[in-house]
Amino acid sequence: MIISIDPSDTIHAWAALEGTVDRPVLSAFGLDFSVDRMAGKAIPGIYNKPDFIAIEMVACYGMAAGAHLFDTCVHIGGLINDIEKGLMIETKRITRPEVKRLVCGQTKAKDANVRAAIIDRFGGPRATMKGGQLYKVSKDVWAAIAVGLAAMDPDVKWYVPAHLRVKE
């Protein structure tokens, strides 16, 4: 099982996924990831310690950046620290273009394309209806699920922090 997070400067959407990239199983999801809640195991649907936690990482997209983005960066750093030191779970980072590449097959995909690809991966429109795995999924949880699907892909290229990159 992996947990994937779409971070923000306020709340963090998350999804717990099991299975394979071709046959994923959504165990639980929410708009309120909390290290404290996870430490207390108060999250319904999560019964085992995840193999790792995948977090969407901010990257340069060639656009102007505002305070919201920088605050999100601070929250990502805090999440990584709290998860790795407090929960003793490995974190891995992945950028949005990499998520789009793995989920949709192209980096220029829009959010609607990502959502459609997720629905297809979970068996089509029935998955969003009552009783389906994606029933009640909304807002940023779609992005968290996309991060999880990308993290399950064997071809994933994880984000490597600058200080760990090999100099050529």
Side-chain angles (χ1 to χ4, degrees), residues 1-36 38-39 43 46 48-111 113-115 117-118 121 139-168:
M1 177 186 58
I2 63 165
I3 292 177
S4 52
I5 299 174
D6 177 46
S8 146
D9 62 339
T10 53
I11 61 170
H12 313 299
W14 62 276
L17 292 145
E18 299 179 85
T20 66
V21 71
D22 296 324
R23 297 190 71 108
V25 175
L26 181 61
S27 303
F29 60 87
L31 288 168
D32 56 352
F33 181 84
S34 162
V35 172
D36 292 336
M38 189 161 174
I43 301 176
I46 298 180
N48 299 315
K49 183 176 177 181
D51 298 324
F52 63 90
I53 296 179
I55 301 173
E56 186 174 313
M57 183 62 190
V58 173
C60 179
Y61 304 116
M63 299 169 60
H68 172 76
L69 180 68
F70 293 110
D71 289 346
T72 299
C73 292
V74 170
H75 278 262
I76 291 169
L79 270 173
I80 291 169
N81 185 61
D82 292 348
I83 291 166
E84 290 187 349
K85 292 196 168 100
L87 299 176
M88 307 294 281
I89 299 172
E90 177 186 15
T91 60
K92 296 182 179 186
R93 296 173 246 183
I94 187 170
T95 63
R96 187 70 177 163
E98 180 67 356
V99 169
K100 290 177 180 182
R101 180 183 76 83
L102 293 169
V103 174
C104 297
Q106 61 173 319
T107 59
K108 293 183 181 187
K110 304 291 183 205
D111 288 347
N113 304 113
V114 173
R115 184 177 184 272
I118 292 169
R121 199 82 61 96
K139 302 182 183 178
D140 293 333
V141 172
W142 291 107
I145 293 170
V147 168
L149 290 174
M152 296 170 96
D153 196 299
D155 294 328
V156 65
K157 293 180 181 134
W158 297 106
Y159 172 86
V160 178
H163 73 281
L164 297 176
R165 294 182 193 150
V166 177
K167 298 191 191 253
E168 297 179 16

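Both backbone and side-chain heavy atoms feed into the values below; hydrogens, waters and symmetry mates do not.
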Notebook entry, point to check: Are Ile145 and Leu26 close enough, and set up right, to give a side-chain contact (heavy atoms from CB on, under 4.5 Å), and what steps lead you there?
Noted result: CA-CA 8 Å; Ile145 293 170; Leu26 181 61; 3.8 Å; yes
Next item on the list: Test salt bridge (charged side-chain N to carboxylate O under 4.0 Å, His left out) on Asp111 and Arg96 and set out the steps.
Entry: CA-CA 10 Å; Asp111 288 347; Arg96 187 70 177 163; 3.1 Å; yes
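- Checked against ring pair (Phe, Tyr, Trp, His ring centres under 6.0 Å), Tyr159 has no partners two or more places apart in sequence or in another chain.
- Nearest approach of Ile55 to Pro7, heavy atoms of both residues: CG2-CG, 4.1 Å.
- Taking CE from Met152 and CD from Glu18, the interatomic distance works out to 8.5 Å, rounded to the nearest 0.5 Å.
- Asp153 CG to Ile94 CD1: the interatomic distance, rounded to the nearest 0.5 Å, is 8.5 Å.
- Interatomic distance, Ile53 CD1 to Phe33 CZ, rounded to the nearest 0.5 Å: 4.5 Å.
- The heavy-atom pair separating Gly30 from Val141 by the smallest distance is O-CG2, 3.4 Å.
- With contacts defined as side-chain heavy-atom distances shorter than 4.5 Å, the pair Leu149/Leu102 does not qualify.
- Rounded to the nearest 0.5 angstrom, Thr107 OG1 and Glu98 CD are separated by 9.5 Å.
- In this structure, Ile5 and Glu56 have side chains that are not in contact, with every pair of non-hydrogen atoms separated by 4.5 Å or more.
- Atom SG in Cys104 sits 8.0 Å away from atom CD1 in Ile118 (nearest 0.5 Å).
- Residues Ile2 and Pro50 fail the side-chain proximity criterion, which asks for heavy atoms closer than 4.5 Å.
- Here the side chain of Ser4 pairs a donor or acceptor atom with the backbone of Ala144 at under 3.5 angstrom.
- In this structure, NZ in Lys100 is found 8.5 Å from CG in Asn113, a value given to the nearest 0.5 Å.
- A donor-acceptor contact shorter than 3.5 Å links the side chain of Arg165 to the backbone of Val160.
- A donor-acceptor pair is defined here as one N or O able to donate and one able to accept, closer than 3.5 Å; such a pair exists between the side chain of Arg121 and the backbone of Val103.
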Indicate every side-chain donor-acceptor pair of residues 73-89 with a distance under 3.5 Å to a residue at least two apart or in another chain.
from: His75; atom 1: NE2; to: Asp9; atom 2: O; distance (Å): 3.0
from: Asn81; atom 1: OD1; to: Lys85; atom 2: NZ; distance (Å): 3.2
from: Glu84; atom 1: OE2; to: Thr91; atom 2: N; distance (Å): 3.2
from: Glu84; atom 1: OE2; to: Thr91; atom 2: OG1; distance (Å): 2.5

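- Judged purely by distance below 3.5 Å, without hydrogens or angles, the side chains of Trp142 and Asp6 never pair a donor atom with an acceptor atom.
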Note to self: For Ile11 and Asp32: C-alpha separation, side-chain torsions, deciding distance, then whether side-chain contact (heavy atoms from CB on, under 4.5 Å) applies.
What the structure shows: CA-CA 6 Å; Ile11 61 170; Asp32 56 352; 5.7 Å; no
